Amino acid sequence: MTETRGSTATPERARPARKGEAGGPLARASLFYRQVVAELRKVIWPTREQLTTYWLVVLVFVLVVIAIVSLLDLGIGWAMFKVFG
Amino acid sequence: MLTAFVNAFKTPDLRKKLLFTLFIIALFRVGSVLPTPGVDAAAVRRCLDPVLQGGSGNSIYGMLNLFSGGALLQLSVFALTIMPYITASIIIQLLTVVIPRLEALKKEGHAGTQKITQYTRYLTIGLAILQSTTIVALARSGQMFQGCNETIIPNDGILTLATMVLTMTAGTGVIMWFGELITDRGVGNGMSVLIFVSIAAAFPTSLEAIRRQQGWGTFIIVLAIGLVIMAAVIYVEQAQRRIPVQYAKRMLGRRAYGGSSTYIPLKVNQAGVIPVIFASSLLYLPVLAAQFNQNAGWAQWINANIARGSHPVYMIGFFLLIVAFTYFYVGITFNPTEVADNMKKHGGFIPGIRAGKPTEDYLHYVLSRITAPGSLYLGLVSLIPLIALVLINANQNFPFGGTSILIVVGVGLDTVKQIESQLQQRHYEGFLR
């Protein structure tokens, strides 16, 4: 399931258990990197269709909010200008 | 898709929530424009116009103004916006790790969490007094708008100044309440929604400034960059690592329960946009502190390096802070021990891994590995537009940087999803299939 050196034991125990495999910081970093890549391979990425729908929906939502806020600001700004000069 | 918007307004309780949120947003905007008593609003307007015309040419305030949606420079009642609240919650959450008493409170459950929230509110008020004093002092000494000789505060008696500080502090308290009201009775997370609104309010102005200064070509490039980044953000936000969970079949009386298989969705970016908000508001603190003492060596260094979003020192600091905060925030929001315990209680297990401690270790292992690319992504996405904007020489319009796009898209996505799930409870077809 997880990428470790040699054995299939859980990652926490695997490293210090084997003699001479503890390695320096560089080796540890590369192990971590390989583990990250292994986990990333199991990630489920959104499909193109999902991406387009989400993109459109978020775009519409953001534009609607910007429009509402701009209108509000115009109205409020006009009122403030009248009141405070 | 448009029918979903109509459906959202047809559902009575959802309509109520949406309208309530809109109402709070309207109040929030009114307060952001309403001048604080003692301020000469007309003088502020005369000083402000050249600043707005030149985009955010005055770079120090461009950034300060980003999260306030223009409220700060107008010296309005809500000039401080939610910044003190955000800063206070960062501090309290950091302290939870350090101070055993707070940690004990957090483990107490609901009652403890409420007490922590109460502490956050007190700290917010404290920070608000500090920040409003800074701003009032700046406005009085005329440093708020450099190169503008108007008297912003005509009558600077101690009573007037105290009233101003009091008003701004009270304004912060009201905003804090607004945020909590939206979280409780509206749509989305109140704190994020209010930041979202502030940024959205600043968008048209900064886009217009880009168009006027750089012409249509740059304007279109900036828009295109924004849309591409938006797609990238959505792509990563939707990515999940699904950890399979199998539930054992149980006989309770004569009926069989469970026996189903589900999964725990771990997002690549489990932390959302909160780390970005935290990092940028933390970097805003030294800039504010430097205003107290503008001639000191350290203050000048801060003004030269951190106050501008395009400076390498700022970029590196921002990136590192985001990565650190991502790990930190995932650490406090997702608790592998709790999840493992719950699974054990309900007879669930991850195939190939024993219940209890090994499950906890495994969850922790996956989470820490998957957060590494997640945090790098957050950091990079908030930097790429900065770099791109520098390349096409539009860097003075910092408000249109990666931070604002991340926050806008992240909050937009969360809010839309929340509306979506409420629609689905009512068996309507949502926006997203």
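Each chain gets a letter, A, B and so on, in the order the sequences are listed, and its residues count up from 1. No experiment lies behind these values; they were computed from the predicted model shown.
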Min side-chain heavy-atom separation B:Arg241-A:Glu39 under 4.5 Å | yes
Side chain, backbone, both or neither of B:Thr371 within contact of chain A (heavy atoms, under 4.5 Å) | neither
Rounded to the nearest 0.5 Å, what separation is found between the CZ atom of B:Arg29 and the CG atom of A:Leu74?
-> 11.0 Å
Would you say the side-chain atoms of A:Trp55 pair up with the backbone N or O of B:Tyr235, donor to acceptor, closer than 3.5 Å?
-> no
Between chain B and each of A:Thr52, A:Ile44, A:Ile66, count heavy-atom pairs under 4.5 Å; write down the option with the most.
-> A:Ile44
Please indicate whether A:Leu26 has more than 12 foreign heavy atoms, meaning atoms of other residues, nucleotides or ligands, lying under 6.0 Å from its CG.
-> no
Examine whether an atom of B:Leu22 lies under 4.5 Å from a heavy atom of chain A, and if so say whether it belongs to the side chain, the backbone or both; otherwise answer neither.
-> side chain
Contacts of B:Val228 that satisfy side chain to side chain contact (heavy atoms under 4.5 Å, CB included) - sequence neighbours left out | none
Decide side chain to side chain contact (heavy atoms under 4.5 Å, CB included) for A:Tyr54 and B:Met230; before the verdict, give the C-alpha distance in whole Å, the side-chain angles of both, and the deciding distance to 0.1 Å.
-> CA-CA 10 Å; A:Tyr54 275 94; B:Met230 206 176 123; over 6 Å; no
If you round to the nearest 0.5 Å, how far is CD1 of B:Ile243 from NZ of A:Lys42?
-> 9.0 Å
B:Arg354, CZ: over 12 other non-hydrogen atoms inside 6.0 angstrom = no
With sequence neighbours excluded, residues passing side chain to side chain donor-acceptor pair (under 3.5 Å) with B:Thr337 | B:Asn335, B:Glu360
Any side-chain heavy atom of B:Val409 within less than 4.5 Å of one from A:Val62?
-> no
So which heavy atom on A:Val69 is nearest to which on B:Ala201, and how close?
-> CG1-CB, 3.6 Å
Chain B contacts, top residue of A:Val37, A:Ile68, A:Val43 (heavy-atom pairs, under 4.5 Å) = A:Val43
Is it the backbone or the side chain of B:Val33 that comes under 4.5 Å from a heavy atom of chain A, or both, or neither?
-> both
Top residue by heavy-atom pair count (under 4.5 Å) with chain B, among A:Ile76, A:Leu40, A:Leu59?
-> A:Ile76
Given the rule in the side chain to side chain contact (heavy atoms under 4.5 Å, CB included) test, do B:Leu413 and A:Phe61 qualify, once you have shown the distances and angles that lead to the verdict?
-> CA-CA 9 Å; B:Leu413 199 61; A:Phe61 179 79; over 6 Å; no
If one checks every heavy atom of B:Ala231 against chain A at 4.5 Å, the contacting part turns out to be both
With the side chain counted from C-beta on, respond yes when A:Val65 and B:Val408 share a heavy-atom pair under 4.5 Å apart, and no when they do not.
-> no
Heavy-atom side-chain contact between A:Phe32 and B:Arg369 under 4.5 Å = yes
